[in-house]
Amino acid sequence: MKQNKQTELPFNIFLIGFMGAGKSTVASYMHRQYSMPLIEMDETLAERECMTIPEIFAQKGESYFRQAETELLKEIQTRSNVIISCGGGVAMRQENVEIMKKSGKVVLLTASPDSILERVKNDENRPLLKGRKTAEGIQELMDARRPFYEAAADLIIATDTQPLEDICEEIINRLRQMQPKNL
Ligand code: S3P
């Protein structure tokens, strides 16, 4: 079933998941394919601070960054039909999960540690992966985060092998089948 590109969704879609799980790639495809406004959280926060994400962590600290994430989510809750690529740590705060649920559906993207490693191995823009760029290092952080990701998710989609187009179509179709609560 193809999404009717003229019909706006009456809710937002928040993509959560581990670094390298495919949030930015999926969000950017859905932005183009379904004409949904896109918010890339890391990019927005970096632009606002005029710094890279590693610079924000180094100069202002992680808790400053986490609070900025929460404030940005609050801004988004007044909107609908937006596709949001969340930072990988967003679902770790219960407050963030509650804010996301007020205006949208939360979609967890997953991938194996090996797939993640392959995607992030040359990336220097993720402070939390410093010294952790091995399948074991990734697995360890992933295991610690998994309960938070899964508790937040309305829908879980693996991105290891499915083509991008199929992933996006599945997200749209499955969300449309869900009865939107309070929307
Ligand atoms: C983080 C993930 C990053 C970025 C920051 C912290 C995390 O986003 O927000 O480096 O805590 O998992 P991506 O998931 O887009 O890499």
Side-chain angles (χ1 to χ4, degrees), residues 12-32 36-76 82-97 99-100 104-153 155-160 164 167-168 171:
N12 295 317
I13 301 177
F14 294 90
L15 299 178
I16 63 163
F18 203 81
M19 294 164 270
K23 303 179 297 281
S24 300
T25 308
V26 167
S28 146
Y29 183 89
M30 291 181 70
H31 164 61
R32 293 194 311 274
M36 296 176 74
L38 166 69
I39 296 178
E40 176 67 56
M41 287 188 65
D42 281 351
E43 208 175 288
T44 305
L45 296 175
E47 265 169 29
R48 286 183 179 180
E49 298 291 334
C50 299
M51 284 185 213
T52 64
I53 300 294
E55 282 167 352
I56 300 175
F57 270 66
Q59 293 176 32
K60 300 206 158 178
E62 181 172 349
S63 55
Y64 176 91
F65 176 75
R66 298 301 177 195
Q67 193 53 36
E69 284 184 317
T70 300
E71 297 309 322
L72 178 54
L73 287 172
K74 285 183 189 162
E75 292 173 35
I76 298 169
V82 180
I83 179 84
I84 301 109
S85 172
C86 295
V90 157
M92 298 306 109
R93 266 195 188 193
Q94 183 55 28
E95 182 185 3
N96 292 346
V97 177
I99 297 168
M100 292 191 283
K105 295 293 179 192
V106 178
V107 178
L108 169 60
L109 300 181
T110 65
S112 69
D114 286 333
S115 302
I116 300 274
L117 181 60
E118 194 50 37
R119 294 172 189 172
V120 303
K121 66 181 181 206
N122 297 320
D123 189 299
E124 296 306 323
N125 215 25
R126 291 174 163 115
L128 295 189
L129 286 182
K130 226 173 157 202
R132 201 185 276 282
K133 281 202 197 143
T134 59
E136 296 71 33
I138 289 169
Q139 176 89 63
E140 193 185 39
L141 184 55
M142 199 184 264
D143 286 346
R145 286 181 163 198
R146 184 172 297 112
F148 294 91
Y149 287 140
E150 291 183 352
L155 185 64
I156 302 177
I157 311 259
T159 66
D160 297 276
L164 178 60
I167 292 171
C168 296
I171 291 172

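Keep in mind that what you see is a predicted model, and the values were worked out from it rather than measured. Both ligands and their constituent atoms are indexed starting at 1 by order of listing.
In this structure, Glu69 CD and Glu62 CD are separated by 8.5 Å, a value rounded to the nearest 0.5 Å. In this structure, Phe18 CZ and Leu108 CG are separated by 12.0 Å, a value rounded to the nearest 0.5 Å.
Residue, atom and distance of the protein heavy atom nearest to atom 2 (C) of ligand 1 are Gly88 N, 3.3 Å. For atom 14 (O) of ligand 1, the nearest protein heavy atom (residue, atom name, distance) is Lys23 NZ, 2.7 Å. From the protein, the heavy atom lying nearest to atom 16 (O) of ligand 1 is Arg126 NE, 2.6 Å. Distance from atom 4 (C) of ligand 1 to its nearest protein heavy atom, with residue and atom name: Asp42 OD2, 3.2 Å. The single protein non-hydrogen atom nearest to atom 6 (C) of ligand 1 is Arg66 NH2, 3.8 Å, given as residue, atom name and distance. For atom 12 (O) of ligand 1, the nearest non-hydrogen atom of the protein is Arg145 NH1, 2.6 Å. The shortest contact between atom 5 (C) of ligand 1 and any protein heavy atom is with Ile53 CG2, 3.9 Å.
Side chains of Thr70 and Glu95 form a contact here, defined as non-hydrogen atoms less than 4.5 Å apart. Put simply, the side chain of Thr159 does not reach to within 4.5 Å of the side chain of Thr110, judged on heavy atoms.
For Arg145 (side chain) and Gly88 (main-chain N/O), a donor-acceptor pair under 3.5 Å exists by modelled atom type.
Interface atoms of ligand 1 facing Phe65, defined by a heavy-atom separation under 4.0 Å, are 9 (O). Under a 4.0 Å criterion applied to the non-hydrogen atoms of Pro127, ligand 1 contributes the atoms 10 (O). Each of the following atoms of ligand 1 lies closer than 4.0 Å to a heavy atom of Gly87: 8 (O), 9 (O), 14 (O). Proximity to Leu128 (heavy-atom distance under 4.0 Å) selects the following atoms of ligand 1: 7 (C), 11 (O).
Listed by chain and residue number, Phe57 satisfy the ring-ring contact (aromatic ring centres under 6.0 Å, His included) test with Phe65 (two or more places apart in sequence, or in another chain). Looking at residues two or more places apart in sequence or on another chain, you find a side-chain hydrogen bond (donor to acceptor under 3.5 Å, both in side chains) between Asp160 and Ser112, Ser115.
Residues Arg132 and Gln139 have side chains that never bring a donor and an acceptor to within less than 3.5 angstrom of each other.
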